[in-house]
Amino acid sequence: MSYQEIWAPWRLAYVTSTEKKKEMDPAKLHFLEGADENCFICQAVADTEDMEKSNRARYVVKRSEHSLVIMNRYPYNNGHLLITPRRHVGRLELLTRDEHLELMETLSDIVPRMEKIMNCDGFNIGLNLGRVAGAGLPGHLHWHLVPRWNGDTNFMPVLACTNVIPQAMDALWELLYAEFN
């Protein structure tokens, strides 16, 4: 078998990180009450002087009253999104009725639009509740929306534990942000 390299520089921060890092000086962010300043989702929710610049830097593609849609910085597949409540909450039963409703409405709205944008054939949608269930950020609920295509399973994940993402994050953000705003 011949050896080939796949360039994925955005993964380096994830692979080499030993601790959670803040993306911006918390003093420049206006957090919601009860937010965790170390939570990357709370940082994305926080208001700044230049929201469009903040949205681009954090890959936020949609903001609503109770929810936020952001691109996953370490995607399983191209177009991997996180749908999350704006409020820092880690348990389903702690969501308000309005938050529950808006999160499900957001998922329902995003799916057909992602089918159109990504030309995908299906999705994996999931919530990891608790660290033992795979939640990398157990304190802030978030649903994963992962586009799938017929035939997208190949030898790379099986043999090399590697996913190939064919589109730059910034290019995808521009497409999604334009569609959702």
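Here the closest non-hydrogen pair linking Trp143 and Leu95 is CH2-CD1, 4.2 Å. Of all heavy-atom pairs between Pro147 and Asn77, the closest is O-ND2, 2.9 Å.
Within the 4.5 Å cutoff, the side chain of His142 has heavy atoms near those of the Ile41 side chain. Looking at Ile70 and Arg58, their side chains never come closer than 4.5 Å, going by heavy atoms from C-beta outward. Put simply, the side chain of Cys42 does not reach to within 4.5 Å of the side chain of Leu32, judged on heavy atoms. The side-chain heavy atoms of Asn78 and Trp149, taken from C-beta on, include a pair separated by under 4.5 Å.
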query = So Glu174 and Arg56, salt bridge (charged side-chain N to carboxylate O under 4.0 Å, His left out) or not? Walk me through it.
reply = CA-CA 8 Å; Glu174 288 178 9; Arg56 178 179 286 278; 3.2 Å; yes
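Here the side chain of Thr48 pairs no donor or acceptor atom with the backbone of Leu29 at under 3.5 angstrom. Looking only at distances, a side-chain donor or acceptor of Trp173 sits under 3.5 Å from a matching main-chain atom of Val60. Remark: the backbone N or O of Arg87 is paired with a side-chain donor or acceptor of His140 at under 3.5 angstrom. With hydrogens and angles ignored, the 3.5 Å screen pairs a side-chain donor or acceptor of Gln43 with a backbone N or O of Glu37. Listed for the Asn181 side chain is a donor-acceptor partner under 3.5 Å among the backbone atoms of Tyr177.
Atom SG of residue Cys39 and atom CG of residue Leu137 lie 4.5 Å apart, to the nearest 0.5 angstrom. In this structure, Leu176 CG and Met114 CE are separated by 5.0 Å, a value rounded to the nearest 0.5 Å. With values rounded to the nearest 0.5 angstrom, Thr96 atom OG1 is found 5.0 Å from Asp98 atom CG. Between atom CZ of residue Arg97 and atom CD of residue Glu102 there is a gap of 15.0 Å, rounded to the nearest 0.5 Å. Rounding to the nearest 0.5 Å places OG1 of Thr106 at 11.5 Å from CD of Glu99. With rounding to the nearest 0.5 angstrom, the CG atom of Leu94 is 11.0 Å from the NE2 atom of His88.
Under the 4.5 Å side-chain heavy-atom criterion for grouping Ile, Leu, Val, Met, Phe, Trp and Tyr, Leu103 is not connected to Leu101 through any hydrophobic cluster.
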Extract all donor-acceptor atom pairs below 3.5 Å that involve side chains of residues 116-131 and protein atoms in other chains or at least two apart in sequence.
residue : atom : partner : partner atom : Å
Asp121  : OD2  : Asn150  : N            : 2.7
Asp121  : OD2  : Asn150  : ND2          : 3.4
Asn124  : OD1  : Arg148  : NH1          : 2.8

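Crowding of Glu93 atom CD: a count of heavy atoms from other residues, nucleotides or ligands under 6.0 Å exceeding 12. Atom CD of Glu115 has more than 12 neighbouring heavy atoms from other residues, nucleotides or ligands inside a 6.0 Å radius.
With hydrogens and angles left out, the side-chain atoms of Asn55 and Arg63 include a donor and acceptor closer than 3.5 Å. Side-chain polar atoms of Asn72 and Tyr59 form no donor-acceptor pair below 3.5 angstrom.
Looking at residues two or more places apart in sequence or on another chain, you find a ring-ring contact (aromatic ring centres under 6.0 Å, His included) between His80 and Tyr76, His144.
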